[in-house]
Amino acid sequence: MVRVRFAPSPTGFLHIGGARTALFNWLFAKHNKGKFILRIEDTDAARSTKEAEEQILDALKWLGLDWDEGPLVGGPHEPYYQSQRLSIYKKFIAQLLNEGKAYSCYCTSEELDVRREDMKKKGEVPRYDGRCRDLTDDERNKLKKEGRSEVIRFKWTKPVLPFKDAIHGDINFGEHQYDDFVILKTDGNPTYNFSCVVDDHSMEITHVIRGDDHITNTPRQIALYEALGFSPPTFAHIPLILGPDKARLSKRHGAVGLMEYKKEGYLPEALMNFISLLGWSPGNNKEIMSEEELINSFSLERIISRNAVFNKEKLDWMNGSYIKDLPAEKLLEHVLPYFKEAGFINEKTDKEKLIKMMELYKPRTRTLCQIIDNADFFFQDKLSYNEEAVNKFLKRDYVPSLLDKVEERLEQLQSFLFQDIEKTLRELAEELKMKGADFIHPLRVAVTGKSVSPPLFEVMELLGKEKTLERIKDSKKIISK
RNA sequence: GUCCCCAUCGUCUAGAGGCCUAGGACACCGGGUUUUCAACCCGGUAACAGGGGUCCGAAUCCCCUUGGGGACACCA
C-alpha cells in the first residue's frame with residue numbers, strides 16, 4: 001500500500017510551496033487509495049512554536065487536505081511529533097555508535113564556523129575535517145573534561161552512489177564530497193536527515209515526495225538507510241515554485257502564507273486547482289478540475305522537473321471562474337463573514353435578497369473581497385459617492401430635470417420588478433428622445449454612487465422602491481451643492 | 001568556489017524522432033453582444049536559449065556554451 005507523508009516544521013506559516021508539496025502527496029495517496037500521513041518535524045526546539053503548528057493544521061484543513069494519520073487523528077505509528085519520538089532516535093543512534101558507524105564530536109559551533117570560513121577563503125569546499133573521527137579514549141576524556149558538549153556525527157565511508165528519482169530519473173553525485181554530518185545535536189535532538197530517515201522507515205513511508213531543494217540531502221539519507229539496515233523509499237523531487245523575479249517564492253513576493261489567500265477572498269477549491277497545475281498537468285488541456293478529477297488524473301509521471309513561476313493573475317481568473325460557477329447560496333455562505341465584518345448585515349437582513357445579490361455579482365467577481373467593495377452601496381444609509389463618477393455623469397445640465405421625471409414615473413409604479421422598471425424608464429427615455437447611455441449612466445451614479453454596477457434595473461429592484469427613490473432625492477441635493 | 005537540478009509564447013503548460021505551418025490557458029490587443037463593469041462568443045500578437053553533432057528526418061537523442069534555480073549548518 002502507498003504511504004506518503006507531509007512533514008512540515010512548525011517554524012512559520014504554511015506557504016504556497018509547502019501547500020503544493022502537501023497537495024501532491026495527498027493527491028498521490030488518494031489516487032492510489034493509500035494513506036496520507038502528517039508528521040510534525042519539531043526537532044528545532046528554538047524555532048518551533050505551537051502557534052505555527054496550529055496555523056499549518058488550519059491551512060491544511062482549509063485547503064481540504066485531510067490526513068489519515070497524524071496530529072488530532074492519531075494512528076498506528078504514534079506519536080506524530082518528532083519531539084516526542086526521542087527515545088526511538090536514541091535507540092538507533094546507539095546502534096550506529098555500537099557498530100562504529102557514528103562517533104562523538106566535541107568541536108564547538110564557533111570553532112566549526114571559523115574553520116568553514118577558512119576553507120571558503122582558500123577556495124575549498126567547506127566541510128567537516130573529521131578531527132574527532134578517530135579520537136582515543138584519553139583524548140575523548142580530555143575534551144569532555146574541558147566541559148565541551150558533544151554531538152554525534154555519522155561516519156561517511158562510501159562513495160556516493162547514484163539514485164533513482166521518480167521525476168528526475170538517475171541523479172549522480174559521483175563528484176560530490178560528503179562529510180561526516182551531525183545526526184544528534186548538543187540539545188539531544190536529532191537533526192533533520194536522521195529523524196527523517198528513522199521516521200520514514202518506522203512509519204512505513206513508501207514514497208517521499210518533497211521539494212527539489214532536498215535532492216542534495218538524499219545521498220546522506222540513503223547512506224543512513226544503508227547504515228541502519230533499512231531499505232529506502234522511492235524518492236520524488238518536485239520542482240520549486242518561484243516568484244515573478246524567478247527567485248524562490250518568499251515573503252518578498254507578497255502574500256505567501258496560505259491563510260492570507262483565505263483572507264483575500266480566494267476559494268480553497270480554486271487555490272487547490274491552481275497550485276495543482278504548478279509543475280503538473282493532466283496532459284489533456286483541461287485546467288478547471290474538481291477535486292475528484294484531480295485525484296483521478298494525478299500521477300508522479302506527469303510532474304515536470306522545471307521550476308514554475310507563481311502567476312497571480314491566472315489564480316485570480318481561476319478564482320473568478322469558480323465564483324461564477326458557485327450556486328448563489330454557496331457563494332453567500334462564503335461572503336457572509338465578510339459582510340458581517342464590514343457591518344453590512346445583521347440577523348434581520350433578508351437572506352433572499354442577499355442571494356439575489358450574489359446572483360448579480362457572480363459573473364463580475366474575482367475574489368470575495370471585491371464583492372464587499374462593489375456591493376457596499378446596498379447597505380449604506382448615506383451613500384458614499386465616487387467623486388469622479390459624480391463629476392462625469394451627475395453634473396450634466398439635463399440631469400436634475402431627468403431625475404425629477406424618473407422619480408415621478410417610479411413613484412407611480414405598482415410593481416417594482418426590474419422588468420417593469422425597465423419598461424417604464426425605457427418609455428421615458430424614448431419620450432425624451434435620449435440615448436440609453438446618456439439616460440442610464442447618471443441614474444446609475446445617483447442610485448449606487450458608482451459608475452460601475454450590476455445591471456441597473458435589477459439593482460433597483462433589489463434595493464426596493466423606497467430606497468431607490470430616496471437615493472434619487474439625495475443625489476439631487478448633491479448636484480445642487 | 002564545489003556539487004546537483006533545469007531550459008517551449010511575458011506566465012502556467014502540451015509535446016516521449018516524422019501527426020509541429022509547435023497546441024491549450026492566463027495576461028494583452030481587436031471585433032461581436034450590451035446599460036457601465038463583467039460574463040459570453042469570434043479573431044490576433046507571441047516561444048522551441050545558442051552552437052555543434054546523431055539521423056532520411058530533432059522542440060524531442062548526445063555534447064559544449066550560456067542562462068536560471070537549488071544545496072553546501074548542531075534549519076528543516
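Note that the coordinates shown come from a computational prediction; the quantities given were computed from them, not determined experimentally. Letters A, B, ... mirror the listed sequences (proteins, then strands); counts begin at 1. All values below come from the heavy atoms of this structure, side chains included, with hydrogens, waters and symmetry mates left out.
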*If you check every side-chain atom of A:E41, which of B:C74, B:A25, B:A76 has the closest atom?*
B:A76
*Can you list every side chain to side chain donor-acceptor pair (under 3.5 Å) pair that touches residues 446-460 of chain A, not counting sequence neighbours?*
A:D376-A:K450, A:R444-A:S453
*Using the C1' atoms only, state how far B:C5 lies from B:C9, rounded to an integer number of Å.*
24 Å
*Please name the pair of heavy atoms, one in A:M434 and one in A:Y398, separated by the smallest distance, quoted to 0.1 Å.*
CE-CE1, 3.4 Å
*Name the residue closer to the 5' end of RNA chain B, choosing between A:E287 and A:G279 according to the nucleotide with the nearest heavy atom.*
A:G279
*How would you list, by chain and number, every residue that makes a ring pair (Phe, Tyr, Trp, His ring centres under 6.0 Å) with A:F24, sequence neighbours excluded?*
A:F298
*Within the structure shown, what part of the strands sits under 4.0 Å from A:P8 by heavy-atom distance: base, sugar-phosphate, or nothing?*
nothing
*Over how many whole Å does the gap from A:F154 atom CZ to B:A73 atom P extend?*
17 Å
*asked:* Rounded to whole Å, please give me the gap between CG in A:D213 and P in B:C6.
replied: 15 Å
*Base, sugar-phosphate, or nothing for A:H214, non-hydrogen atoms under 4.0 angstrom?*
base
*Report which part of the nucleic acid A:S9 touches: base, sugar-phosphate, or nothing (heavy-atom distance under 4.0 Å, all strands).*
sugar-phosphate
*Would you say A:K101's side chain and A:A227's backbone share a donor-acceptor pair under 3.5 angstrom?*
yes
*Should the pair A:F235 and A:H237 be assigned to parallel (<30°), tilted (30 to 60°) or perpendicular (>60°) ring geometry?*
parallel
_A:I288 to A:E293 - nearest heavy-atom pair and separation_ = O-OE1, 4.1 Å
*Among B:C6, B:G23, B:A76, which nucleotide sits nearest the side chain of A:N285?*
B:G23
*Heavy-atom contacts under 4.0 Å between residues 322-329 of chain A and RNA chain B, which residues?*
A:K324
*For the pair made of CZ in A:F181 and C1' in B:C3, what is the distance, rounded to whole Å?*
16 Å
_Nearest-Å distance once atom P is located in both B:C20 and B:C26_ = 22 Å
Find every protein N or O atom lying less than 3.5 Å from an N or O atom of nucleotides 44-49 of chain B, and list the pairs.
none

_Pairing check on B:C26: which nucleotide meets the Watson-Crick or G-U wobble criteria with it, both distances under 3.5 Å?_
B:G10
*Nearest-Å distance once atom P is located in both B:C4 and B:U13*: 25 Å
_I'd like to check the ring pair (Phe, Tyr, Trp, His ring centres under 6.0 Å) partners of A:W317; sequence neighbours left out, ordered by chain and number._
none
*Determine the contact category for A:S451: base if any of its heavy atoms lies under 4.0 Å from a base atom, sugar-phosphate if only primed atoms, P, OP1 or OP2 are that close, otherwise nothing.*
base
_Pairwise P distance, B:C37 and B:G18 [rounded to whole Å]_ = 48 Å
*asked:* Using atom C1' in both nucleotides, what's the gap between B:A14 and B:A22 to the nearest angstrom?
replied: 10 Å
*Look only at the side chain of A:K251 and the backbone of A:V256, and say whether a donor-acceptor pair between them is shorter than 3.5 Å.*
no
*Please determine, for the side chain of A:T191, which listed nucleotide (B:C3, B:C75, B:G69) has the closest atom?*
B:C75
*Scan A:T11 against the nucleic acid and name what it touches under 4.0 Å (heavy atoms): base, sugar-phosphate only, or nothing.*
nothing
*Nucleotide B:A14, atom P - distance to CD of A:E301 in whole Å*: 14 Å
*Ignoring the backbone of A:R366, work out which of B:C26, B:U35, B:C6 is nearest its side chain.*
B:C26
*Quantified in whole Å, what is the C1' atom distance between nucleotide B:C6 and nucleotide B:A25?*
23 Å
*Given the side-chain rings of A:Y225 and A:F163, with only the six-membered ring counted for Trp, is the space between their centroids under 6.0 Å?*
no
Between the protein and nucleotides 18-21 of chain B, list every N/O to N/O distance that falls short of 3.5 Å.
none

*Could you list the residues that satisfy salt bridge (Lys or Arg N to Asp or Glu O under 4.0 Å) with A:R148, not counting sequence neighbours?*
A:E111, A:E146
*Rounded to the nearest angstrom, tell me the gap between atom NZ in A:K122 and atom C1' in B:G1.*
14 Å
*Minimum-distance nucleotide (side-chain atoms of A:P363 versus B:U35, B:A39, B:A25)*: B:A39
*Residues in ring pair (Phe, Tyr, Trp, His ring centres under 6.0 Å) contact with A:F378, at least two apart in sequence or another chain*: none
_Expressed as a whole number of angstroms, how long is the span from A:I171:CD1 to B:C4:P?_
11 Å
*Out of A:D199, A:N189, A:T43, A:T191, which one pairs with A:Y89 under the side chain to side chain donor-acceptor pair (under 3.5 Å) rule?*
A:D199
*For A:E388 and B:C37, give me the distance from atom CD to atom P, rounded to whole Å.*
14 Å
*Ring centers of A:F310, A:H253 separated by less than 6.0 Å*: no
*Just by modelled atom types, is the A:W156 backbone N or O under 3.5 Å from a matching donor or acceptor in the A:D180 side chain?*
yes
*Which of residues 303-320 of chain A have a heavy atom under 4.0 Å from RNA chain B?*
A:I304, A:S305, A:R306, A:N307, A:A308, A:V309, A:N311, A:E313, A:K314, A:W317
*Using heavy atoms to find the nearest nucleotide of RNA chain B for A:K185 and A:H168 separately, return the residue whose nucleotide is more 5′.*
A:H168
*asked:* Please report the distance separating the P of B:A16 from the corresponding atom of B:U11, rounded so that it comes out in whole Å.
replied: 23 Å
*Are side-chain N/O atoms of A:Y322 and A:N273 paired as donor and acceptor at under 3.5 Å?*
yes
*Scan residues 420-441 of chain A against RNA chain B and write down, sorted by residue number, each residue with any heavy atom closer than 4.0 Å; if none is found, say none.*
A:R426, A:I440, A:H441
*asked:* Classify A:V182 by what it touches in the nucleic acid, base, sugar-phosphate, or nothing, heavy-atom distance under 4.0 Å.
replied: sugar-phosphate
*For the student: nearest non-hydrogen atoms of A:L63 and A:P268, plus distance*: CD2-O, 3.6 Å
*Can you name the closest pair of heavy atoms from A:K286 and A:M289 and give their distance?*
O-CE, 3.7 Å
*What nucleic acid atoms does A:L456 come within less than 4.0 Å of, heavy atoms only: base, sugar-phosphate, or nothing?*
base
*asked:* Counting the atoms with a prime plus P, OP1 and OP2 as sugar-phosphate, which does A:R220 contact under 4.0 Å by heavy atoms, base, sugar-phosphate, or nothing?
replied: nothing
*Nucleic acid contacts - residues 15-25 of chain A versus RNA chain B, non-hydrogen atoms under 4.0 Å*: none
_Summary of ring-ring contact (aromatic ring centres under 6.0 Å, His included) pairs that have at least one residue in residues 418-449 of chain A, sequence neighbours excluded_ = A:F393-A:H441
*Where the side chain of A:S48 meets the backbone of A:A45, is there a donor-acceptor pair that is under 3.5 Å apart?*
no
*Quantified in whole Å, what is the P atom distance between nucleotide B:C61 and nucleotide B:G17?*
9 Å
_Out of B:G15, B:C5, B:C12, whichever nucleotide has its closest atom nearest the side chain of A:R302_ = B:G15
*asked:* Distance check needed: B:G68 C1' versus A:L242 CG, whole Å only.
replied: 8 Å
